[in-house]
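Structure first, then comments.
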Protein chains: 2
Amino acid sequence: MRADAKKNYSHILTIAREVLIEEGADASMRDIARRANVGLATLLRHFPTREALFEALLCTNLDALTQKAGELETSNSPGEAIMSWFREWMTFAQSYRGVVALMAAAHTNPDSALYASCAAVHSASARLLLRAQAEGAARADMNGDDMFGLMAALGWLVDLPSFAPRADHLVHLVTDAILTNRPGNGGKRKGGRKVVR
Amino acid sequence: MRADAKKNYSHILTIAREVLIEEGADASMRDIARRANVGLATLLRHFPTREALFEALLCTNLDALTQKAGELETSNSPGEAIMSWFREWMTFAQSYRGVVALMAAAHTNPDSALYASCAAVHSASARLLLRAQAEGAARADMNGDDMFGLMAALGWLVDLPSFAPRADHLVHLVTDAILTNRPGNGGKRKGGRKVVR
DNA sequence: ACCTGAACACCGTTCAAGT
DNA sequence: ACCTGAACACCGTTCAAGT
């Protein structure tokens, strides 16, 4: 990349972050270009789609998030890890209004620039769930898709202003549901080693 | 309303229903007008906003839904009522792709043509929850907003194709969480009459 | 009364023309 | 190499002009 292009690239990212935080994830690309003092075509060559722009914007946040997942996998109890993970996700979800809807859509579409990032979050979630299930700390009748689905659903909900105040409580309620073995499957800790801690 | 206007009105509704089912709740208004063989301005005078159009389209579904809530309030056990109600909502949510996102947004905005409909669903949910709480069948540490929030979240999730297959299961998981008195508040059936059935 | 085409200000996509 | 203005096909809003 040429020096002027490089400079443009990082300047665009800086401004885009500002605009998207102010206006939400569906801000106009034209608006971003305008505020960056750059031609719209220039913005779109650096980031051909909204997803591509977000991929670049989110990589910092997402790296922090997945790294956190790694830490949680070793340091905490499986149950506490699930709760912390969910809360980390909710913080991420509030980085940009509408970002979860964008990621949820990208999750289905392998061509999306956000697909890999979604997959990373998905698999981290699945790993944490599996570990909890192996220890009998999480209900056995759910899978990684369910886990990610609940995260997406609550992550989406939280950027509706009316629901944001109760978000923490809803997360508590849902993680509670994930972590408690309900009567129906409480005896099903088939493969899991007994809770030895 | 004049005879020709009346005819236009119902014809537009018929076509709009078709288009919105095919294309989802964010289909182009222009497209709807085109397919109804009507000027765009005509469509927009009958239904000045997308919300107004949906208000007219959904009133049948919503009447059925709220009526169902009334039945559930008397016929079933409070717990079963909550579960049935949630499932009814999920069926409604799948009537049009994106309709829950539309309603969730309208929920905050008193000027929206869908505001009253949202409020009706909200209050029906709150009533059913209160009854269940009074009998100690639902956890006491949540309110109508939480209930509606969970309904919105799962209703939104279900129109992402990747999550639709697991939706029933997630509803089961969440209603489970609502209905079981968790250890922390299991003893808190303060006002509730003992479960006498 | 009711309908409609057209003008308007937006959007993202695309590309020929500039440096 | 990289940038940009402009043309394009869309969108919802608005209104003067028709019946």
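Just so it is clear: chains get the letters A, B, ... in the order the sequence lines come, proteins before strands, and each one is counted from 1. Bear in mind the structure is a predicted one, so any value in this text is a computation, not a measurement.
For the pair A/Tyr9 OH and D/dC2 P, the computed distance is 13 Å after rounding to whole Å. In this structure, B/Asp26 atom CG and C/dC11 atom P are separated by 18 Å, rounded to whole Å. Distance B/Met29 CE to D/dT13 C1': 11 Å, rounded to the nearest Å. Atom CZ in B/Phe47 sits about 11 Å away from atom P in C/dC3, given to the nearest Å. The interatomic distance linking A/Lys7 (NZ) with D/dC3 (P) rounds to 11 Å, in whole Å. In this entry the distance linking CG of A/Asn37 with P of D/dC2 reads 21 Å, nearest Å.
Contact between the side-chain N/O atoms of B/Arg34 and the OP1/OP2 oxygens of C/dT4 is not found at any separation under 4.0 Å. Taking only side-chain nitrogens and oxygens, A/Arg50 comes nearer than 4.0 Å to OP1 or OP2 of C/dG12. At least one side-chain nitrogen or oxygen of A/Arg45 sits closer than 4.0 Å to the OP1 or OP2 atom of D/dC3. In this structure, A/Asn8 does not reach the D/dC2 phosphate: none of its side-chain N or O atoms is under 4.0 Å from OP1 or OP2. Between B/His46 and C/dC3, a side-chain N or O to OP1/OP2 separation shorter than 4.0 Å is present. Remark: A/Ser28 is not in phosphate contact with C/dC10, judged by side-chain N or O atoms under 4.0 Å from OP1 or OP2.
Under 3.5 Å, the side chains of B/Asp145 and B/His122 contain a donor-acceptor pair of N or O atoms.
Of the two residues near DNA chain C, A/Leu44 and B/Val38, the one whose nearest nucleotide lies more 5' is B/Val38.
Closest approach to the B/Arg30 side chain among D/dC11, C/dG12, C/dT4 is made by D/dC11 (side chain taken as heavy atoms from C-beta onward).
Pairing partner, C/dC15: D/dG5, with both Watson-Crick or wobble hydrogen-bond distances short of 3.5 Å. Judged by Watson-Crick or G-U wobble contacts below 3.5 Å, the nucleotide D/dC10 has no partner.
Within the nucleic acid shown, A/Thr42 comes within 4.0 Å of at least one base atom, counting heavy atoms only.
To the nearest 0.5 angstrom, B/Asp176 atom CG is 8.0 Å from B/Met83 atom CE.
A salt bridge does not link B/Glu22 with B/Arg17: every distance from a Lys NZ or Arg NE/NH1/NH2 to an Asp or Glu carboxylate oxygen is 4.0 Å or more. Of the charged side-chain nitrogens involved, at least one lies within less than 4.0 Å of a carboxylate oxygen, so that B/Glu73 and B/Arg127 count as a salt-bridged pair.
For B/Arg50, there are no side chain to side chain donor-acceptor pair (under 3.5 Å) partners at least two apart in sequence or on another chain.
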